[in-house]
Structure formats: structure tokens, C-alpha cells
J.: 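One structure coming up, written as C-alpha cells, with questions to follow.
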2 protein chains.
Amino acid sequence: MGARSMDEAPAGWDEVATRLRARGLRWTAQRRTLVGVLAGTSGHVTGADLVERCRAVDPTTTPSTVYRTLDVLEDLGIVRHAHGADGREEFHVRPAADHGHLRCDRCLQVWEIGPDEARSLVAAIEAARGFTVDLSHLSISGRCAACREASPRG
Amino acid sequence: MGARSMDEAPAGWDEVATRLRARGLRWTAQRRTLVGVLAGTSGHVTGADLVERCRAVDPTTTPSTVYRTLDVLEDLGIVRHAHGADGREEFHVRPAADHGHLRCDRCLQVWEIGPDEARSLVAAIEAARGFTVDLSHLSISGRCAACREASPRG
DNA sequence: GCCCGTATTGCAACGAGTTGCAATAGCATC
DNA sequence: GATGCTATTGCAACTCGTTGCAATACGGGC
């Protein structure tokens, strides 16, 4: 792994323990493992992925514990999750800004959609329905430019 | 149930058999059951829902067969599926027009988003990235107006 | 009306994720 | 440092959905 380059942990993974305790929650070995894994993760991961990575650190890791802890961390705003095109859970770690995802059905590549890009949609729906869009849970499927050209109707 | 009011079966469920055979596919008892169930269904259903309804008609129904048949029917454009907020599969039958869904995290109600409402988003993404959005697979989460008022930050 | 290629089925095992419950272990307090 | 409340864990069983494989049966051709 080499020296971790301290890619500006968004708000300090060390605070997590404190924030948990402040809520009357507990800082356990299992949570330490998961938070450690998350701190070394960037971008998007599936739940199963995280379970596996935790197992690499601590082979006794149990799925239910990981998923339950992820719930707690989501409450704290430390991770967010959405569902991929296949419905599988997909977590992203401490997004700097809220963002959604754009996924090509064909090449399976994923891009992020920033607030500005989604603004028109968000605004339209807010105006028409008074509905507040949760951008971080938004996942849009379709066909990217490259794949469209490659197979216009495949 | 009363008399079914013939709510204009979108293009004729009777054609399904023909369209399957035209592709070299087969019209089996199991498919007849599922198509029958779909014909009597409107709006959105989960996969598990459909399995259950098929079982009501034919108790020997097997999940794998239902899901595989749904795949085939989706190829034919007869059903579409997206994933709910919990990632569960959600089918909708023969939509008159492509539409996405808007779901409130809190009250779990669902609304449809028509092409016009989504147009601004679709256009923005198409313009910026050349990405074609699959509206029928779009599922947006957030908080509806009523729930926002009821609990501003809950 | 029978034959045969192959699409389809049912089974069984699997993967992702969730949940109820009894046992364990944080951590605040004394 | 010991105590007690209760958050958390691990287990086992469950749900939804998918997949490989051998057996079945659809339906076009004779």
C-alpha cells in the first residue's frame, strides 16, 4: 500500500468515534475496521465489496454488522448510498458535494452529475410539485455517446 | 373485481403469442399465465408481486421462470422495469408513454414524471455529454411537499 | 399425426441484503 | 477499577433475484 497520501480526508475520519459517542453510540472494533476501510476507499463501492475488504482486514467480519454500521454512518452523513442499474447497493464515501450518477447500460461506465448539471431537473420538479430531489440518491441509466455511435440501435 | 373495464389494453395482449413466435420463441402455459396476470395489472408491481399473482393462478409457478419471462417481455417492449428506493425490482406494464418515477422517502408515495417534465434534465445531459437518458428506468427519490411541511427536517 | 431441434422449464445452489434474538461488550458512572 | 445499562454483535433463517444444468415440451416440417 505504501504511504497513504492523505488525500484530504473530507472532514477527518478521526472525528467519527467522537461523533458516534456524542450520540450515545459506540466505537467498536468492527466499526473501526469498516471506517478504516472507508478511509482507504474513494469513489463508489458496493456493499458486498465493503464486506470483502473488511474481511481482508478482519476475517471474522460478518455481513450483517457491516450493513448495519453503514446505516449508522449514513445517518451521520459519512456515506451515502444509491442503487445501481442492477439494483445493487452502491455506496460513495463522503462526497465533497451532493451528486448523482449517470450510468451507461452498455459499457457500464459511470459518471457523476454535479448539482449544476441537475439543477434544471431539480428546479423543474421543485417548481411543479414542491418535491425536493435527493440528488445523492439519483442514478440515471441510458446510453453514452460512444456506445450510441458504436451501435446505434443495439 | 367486477367487470374489467377494458382499459384499452395498450396494443393487444393477444398479439403477444404471435410476436413471440415471430422471433422463434415459444408460447407456453407458464407464459400464458404471466401474460394473463400482466393483462389484469395496471401501474407498478414488484417482481415478487408478480410471482405471487402467478401462483394464485397456477400454484406450480416457479420464480425463475417468471423472472426469465419478464426479461423476454422486456425485450419485446411489453414491460419495463426500474429499481425502487430499496433497490427492489419494479415493473410497469406497457406504459403509454415513457415515464420515470418520483418517490417520497418518507411517505413512500410514487408519482410519474412525464417526458415534458423531465425534458430539461434529459436535454441538459444530452447536450453536455451526448448521453441519452433512459427515462423509463429513471427513479428519483426525495421528499414530497406534504412531508416537507409535516416534518421540515425529519 | 409424428419427429426432431432447441427454447423453455424446474430444480437446486448461490449472492446480496435484512431481521429477530440471545449473548457480548462499550463506556459512563461511581 | 468494578458495575450496570443498553448499544452492538453474530448467528441463523429469511427474501428477492440469478444462474447452470438436465429433462421437458413447443411447433415447424415431413
Side-chain angles (χ1 to χ4, degrees), chain A residues 16-35 37 44-55 57-76 78-91 108 137 139, chain B residues 16-35 37 44-55 57-76 78-91 108 137 139:
Chain A
V16 176
T18 314
R19 291 180 58 197
L20 282 170
R21 275 190 284 251
R23 286 205 185 190
L25 305 177
R26 290 167 191 178
W27 185 234
T28 65
Q30 295 82 344
R31 289 181 177 178
R32 242 182 316 262
T33 302
L34 176 55
V35 168
V37 166
H44 316 100
V45 237
T46 64
D49 242 342
L50 290 171
V51 170
E52 204 176 334
R53 295 193 198 187
C54 284
R55 281 231 163 99
V57 176
D58 171 3
T60 71
T61 301
T62 296
S64 56
T65 299
V66 173
Y67 288 110
R68 279 191 282 227
T69 300
L70 284 167
D71 279 351
V72 171
L73 295 180
E74 187 152 15
D75 265 359
L76 264 63
I78 291 168
V79 298
R80 310 266 6 200
H81 86 281
H83 296 275
D86 53 358
R88 212 145 283 175
E89 279 196 319
E90 207 153 84
F91 291 87
L108 304 180
H137 197 288
S139 188
Chain B
V16 175
T18 314
R19 291 180 58 197
L20 282 169
R21 275 190 284 248
R23 287 204 183 189
L25 305 177
R26 291 170 190 177
W27 185 234
T28 65
Q30 294 82 343
R31 290 182 177 177
R32 247 184 309 265
T33 301
L34 176 56
V35 168
V37 166
H44 316 100
V45 239
T46 64
D49 243 340
L50 289 171
V51 171
E52 204 175 333
R53 295 192 200 188
C54 284
R55 280 230 163 99
V57 176
D58 171 4
T60 72
T61 301
T62 297
S64 56
T65 298
V66 173
Y67 287 112
R68 280 191 281 227
T69 300
L70 284 167
D71 279 352
V72 171
L73 295 179
E74 188 152 14
D75 264 0
L76 265 61
I78 290 168
V79 300
R80 310 266 5 201
H81 86 281
H83 296 276
D86 54 358
R88 211 145 286 175
E89 280 198 319
E90 208 154 83
F91 291 86
L108 304 181
H137 197 287
S139 187

J.: On DNA chain C, which is the earliest and which the latest nucleotide, 5' to 3', with an atom closer than 4.0 Å to a heavy atom of chain A?
T.: C:dA16 to C:dA28
J.: Side-chain contact test, heavy atoms from C-beta onward, threshold under 4.5 Å: evaluate it for A:Val16 versus A:Trp27 and give yes or no.
T.: yes
J.: At a heavy-atom distance below 4.0 Å, what parts of residues 59-68 of chain A sit against DNA chain D?
T.: A:Thr62, A:Ser64, A:Thr65, A:Arg68
J.: Mind calculating the distance between CZ (A:Arg32) and C1' (D:dT8) to the nearest angstrom?
T.: 13 Å
J.: Holding to side chain to side chain contact (heavy atoms under 4.5 Å, CB included), I want the full list of residues that pass it with A:Asp75, two or more places apart in sequence or in another chain.
T.: A:Arg23
J.: Is any side-chain heavy atom of A:Leu20 closer than 4.5 Å to one of A:Val72?
T.: yes
J.: Look for any protein N or O under 3.5 Å of an N or O in nucleotides 5-7 of chain D and output each such pair with its distance, or none.
T.:
| residue | atom | partner | partner atom | Å |
| --- | --- | --- | --- | --- |
| D:dT6 | O2 | A:Arg26 | NH1 | 2.9 |
| D:dT6 | O2 | A:Arg26 | NH2 | 3.1 |
| D:dA7 | O4' | A:Arg26 | NE | 3.4 |
| D:dA7 | O4' | A:Arg26 | NH1 | 3.4 |
| D:dA7 | O4' | A:Arg26 | NH2 | 3.4 |
| D:dA7 | N3 | A:Arg26 | NH1 | 3.1 |

J.: On DNA chain D, nearest-nucleotide positions of A:Leu20 versus B:Arg21: which is more 5'?
T.: A:Leu20
J.: With sequence neighbours left out, what residues match B:Arg55 under side chain to side chain contact (heavy atoms under 4.5 Å, CB included)?
T.: B:Val51, B:Thr61, B:Pro63
J.: List the steps and the verdict of side chain to side chain contact (heavy atoms under 4.5 Å, CB included) for B:His83 and B:Glu89.
T.: CA-CA 5 Å; B:His83 296 276; B:Glu89 280 198 319; 3.6 Å; yes
J.: A side-chain contact here means heavy atoms from C-beta on lying under 4.5 Å apart; do A:Val66 and A:Thr62 qualify?
T.: no
J.: Going by the rule side chain to side chain contact (heavy atoms under 4.5 Å, CB included), which residues pair with B:Thr69 if we only count those two or more places apart in sequence or in a different chain?
T.: B:Arg31, B:Leu34, B:Thr65, B:Leu73
J.: Report the residue (B:Val72 or A:Ala17) whose heavy-atom-nearest nucleotide on DNA chain C is the more 5′ of the two.
T.: B:Val72
J.: Any idea how B:His81 and B:Phe91 line up, ring-wise: parallel (<30°), tilted (30 to 60°), or perpendicular (>60°)?
T.: tilted
J.: When the distance from CZ of B:Phe91 to P of D:dC16 is rounded to whole Å, what number comes out?
T.: 13 Å
J.: Show the nearest heavy-atom pair for residues A:His137 and A:Ala82, with the distance to one decimal.
T.: O-CB, 3.8 Å
J.: For A:Thr46, is there any backbone N or O sitting under 3.5 Å from a side-chain donor or acceptor partner on A:Arg88?
T.: no
